[in-house]
Amino acid sequence: MIRRTLKNGLCVLMLSLPVCLFAQSKIVNVTSLGAKGDGVTKNTVAIQKAIDQVSASGGGQVIIPAGRFVTGVIKLKSNVDLHLEKGAYLLATMQRIDYGKGPASALIVADKAEHIALTGYGVIDGQAEGVLKDLQTLLEAGIIQDNEWKTENPWHQVRSAEINRPMLINFEDCNDVQVRNIELKNGSCWVQRYENCRDMVFDGIKVESNTYWNNDGIDLVDCVNAIITNSFFNADDDGICLKSEKRNHCCENITVENCIVRSSANAVKLGTASHGGFKNISIRNIKVYDTFRSAVAIESVDGGILENIDVSNIKAVNTGNAFVVRLGHRNKDEVI
């Protein structure tokens with residue numbers, strides 16, 4: 001349900017979705033299908049089988065119990081809540097080839113799914129240090145190609161293009177998405193990316209990702225109707241980032257509220273990708289600390305629109321600057 005209010009003459013949209021996602025509630029514990037939380041066994045097949053069963057039955061929960069469950073790429077499907085119980089660790093495989101020989105898949109993917117969720121008080125750990133070490137071995141052996149490898153790198157780490165480093169989460173064209181209370185850590189690229197998704201709730205999540213040099217905490221790309229609330233981000237790039245990558249799309253009706261952010265770039269950012277633009281964006285009650293660039297950055301440099309952007313009650317300590325707005329049209333070959 002969408003609730004519309006007015007604040008300072010601007011349109012502010014809030015999204016409220018029910019906690020109960022599905023009419024049916026089949027529950028499958030992954031251990032019942034052979035998964036082992038020993039930190040060694042690769043449980044990709046068992047976890048995917050549980051997701052497939054629950055989705056096919058009409059919906060419910062896939063339970064990751066306490067333990068250390070290693071997995072490769074898994075695909076979340078409609079009407080499934082992947083629920084990590086307290087003490088549960090979902091550990092990304094550190095074998096880079098498990099994410100594909102070409103562009104790296106994210107650990108958890110979804111495509112054109114609806115009524116999906118990641119919930120619970122467990123941890124999803126990308127184990128980036130191990131992934132990057134294995135990636136370097138594959139690059140040196142010529143098994144994976146990368147034009148950015150061995151270019152100048154002030155971080156003294158293996159430098160690799162984004163396409164060769166797996167994200168933790170990548171959802172595309174999904175509706176009714178909930179991510180609640182879980183901790184996401186140690187990504188080797190952007191931690192989580194949502195493209196062209198609608199009706200989204202992110203509440204009470206914790207993101208800790210400082211292993212590599214461009215680890216955005218969360219990226220919403222051309223998404224509509226979303227709230228990010230009561231969450232913590234500590235990221236080695238932009239903390240909370242809205243992007244618009246398509247001329248005929250935009251980020252619209254998005255609220256960011258009651259969050260704490262530390263960033264090696266910008267705490268909360270609109271852009272830099274800004275082809276369609278941003279409409280009805282509310283950023284309020286945000287605490288920012290130890291952030292290298294801006295507490296809030298609004299950068300529409302690809303000709304996209306900025307409409308009804310409401311920023312209020314931002315408290316920033318030890319940040320490069322408080323607020324920056326930049327407008328432009330850097331892609332001269334595009335027609336506005």
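Note: hydrogens, waters and symmetry copies are ignored here, and every other heavy atom, side chains too, is used. Values in this document were obtained by computation on a predicted structure and should not be read as measured data.
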query = Any ion pair linking Asp238 and Lys269 (charged N to carboxylate O, less than 4.0 Å)?
reply = yes
ask   = Does Glu195 pair with Lys243 as a salt bridge, N-O distance under 4.0 Å?
value = no
query = Leu270, Ile305: one ILVMFWY side-chain cluster at the under-4.5 Å cut-off?
reply = no
query = Would you call Arg293 and Glu299 a salt bridge, taking side-chain N to carboxylate O under 4.0 Å as the test?
reply = no
Between Asp199 and Asn175, a side-chain donor and acceptor under 3.5 Å = no
Least distance between heavy atoms, Asp222 atom then Cys251 atom = N-SG, 3.4 Å
ask   = Which is it for Phe233 and Phe202 under the ring pair (Phe, Tyr, Trp, His ring centres under 6.0 Å) test, yes or no, and what are the steps along the way?
value = CA-CA 12 Å; Phe233 298 86; Phe202 303 88; 8.8 Å; no
Spacing of CD1 belonging to Ile309 relative to CD1 belonging to Ile254, to within rounding of 0.5 Å = 9.5 Å
request  = State, yes or no, whether a side-chain contact exists between Met167 and Asp219 at a heavy-atom distance under 4.5 Å.
outcome  = no
inquiry  = Just by distance, no angles: are the side chains of Asp237 and Asn215 close enough, under 3.5 Å, to form a donor-acceptor pair?
reply    = no
Asn196: side-chain contact (heavy atoms from CB on, under 4.5 Å) partners, not counting sequence neighbours = Asp173, His249
query = Residues two or more places apart in sequence or in another chain: which of them pass salt bridge (Lys or Arg N to Asp or Glu O under 4.0 Å) with Asp134?
reply = none
ask   = Would Asn258 and Thr229 count as having a side-chain donor-acceptor pair, cut-off 3.5 Å?
value = no
inquiry  = Closer than 3.5 angstrom, by distance alone: can the side chain of Ser300 be matched with the main-chain N or O of Gly304 as a donor-acceptor pair?
reply    = yes
Test side-chain contact (heavy atoms from CB on, under 4.5 Å) applied to Gln127 - qualifying residues, sequence neighbours left out = Leu91, Met94, Asp125
query = Do Asn321 and Ser294 meet the criterion of a side-chain donor-acceptor pair at a distance under 3.5 Å?
reply = yes
note = Heavy atoms of Cys241 and Asp216 approach each other most closely as CB-OD2, 4.2 Å
query = Have Arg262 and Asn234 got a donor and an acceptor in their side chains that come within less than 3.5 Å?
reply = yes
Result of checking Ile124, Ile116, Thr71, Ile51 against Ile108 for side-chain contact (heavy atoms from CB on, under 4.5 Å) = Ile124
key: Neighbour count >12 (heavy atoms, 6.0 Å) for atom CD, Glu162   = yes
inquiry  = For a quick test of reading the model, state the closest non-hydrogen atom pair linking Ser263 to Asn266 and the distance between them.
reply    = OG-O, 3.0 Å
ask   = Is there side-chain contact between Ile314 and Val268, with heavy atoms separated by less than 4.5 Å?
value = no
message = Whether the side chain of Asn43 engages the backbone of Thr41 through a donor-acceptor N/O pair (distance < 3.5 Å, no angle test) should be reported.
response = yes
key: Ser78/His115 under side-chain hydrogen bond (donor to acceptor under 3.5 Å, both in side chains): CA gap, chis, key distance, verdict   = CA-CA 6 Å; Ser78 292; His115 314 310; over 6 Å; no
message = I want to check something: taking the side chain as every heavy atom from C-beta on, are Arg96 and Asn164 in contact at a cut-off of under 4.5 Å?
response = yes
query = Hey, is the main chain of Thr255 close enough, under 3.5 Å, to the side chain of Ser282 for a donor-acceptor pair?
reply = no
ask   = Given a cutoff of under 4.5 Å between side-chain heavy atoms of I, L, V, M, F, W and Y, with clusters grown through shared members, what are the other residues clustered with Phe232?
value = Ile260, Tyr289
ask   = Side-chain heavy atoms under 4.5 angstrom apart, residues restricted to Ile, Leu, Val, Met, Phe, Trp, Tyr: same cluster for Ile63 and Val70?
value = no
ask   = Is Val30 linked to Val28 within one hydrophobic cluster, defined over Ile, Leu, Val, Met, Phe, Trp and Tyr using a side-chain heavy-atom separation of less than 4.5 Å?
value = yes
message = Can you confirm whether the side chains of Thr31 and Asn29 place a donor and an acceptor under 3.5 Å from each other?
response = yes
request  = Please name the residue in the list Val224, Asp176, Val177 that meets the side-chain contact (heavy atoms from CB on, under 4.5 Å) test with Arg198.
outcome  = Val224
query = Do the side chains of Val123 and Leu84 get nearer than 4.5 Å, heavy atoms only?
reply = no
ask   = Are Val45 and Val54 grouped together when hydrophobic residues (ILVMFWY) are joined by side-chain heavy atoms under 4.5 angstrom apart?
value = no
request  = Taking all non-hydrogen atoms of both residues into account, name the closest pair between Asp302 and Ala273 and its distance.
outcome  = OD2-CA, 3.4 Å
inquiry  = Run the salt bridge (Lys or Arg N to Asp or Glu O under 4.0 Å) test against Asp52 and tell me which residues pass, sequence neighbours left out.
reply    = Lys77
query = Are Arg165 and Leu132 side-chain neighbours, meaning at least one heavy-atom pair lies under 4.5 Å?
reply = yes
inquiry  = Using the side-chain contact (heavy atoms from CB on, under 4.5 Å) criterion, which residues pair with Ala46? Sequence neighbours excluded.
reply    = Leu33, Ala35
task = Identify the heavy atoms of Thr44 and Val73 that sit nearest to each other, and give their distance.
result = CG2-O, 3.3 Å
query = Counting only N and O atoms by type, is there a donor-acceptor contact under 3.5 Å from the side chain of Arg247 to the main-chain atoms of His275?
reply = yes
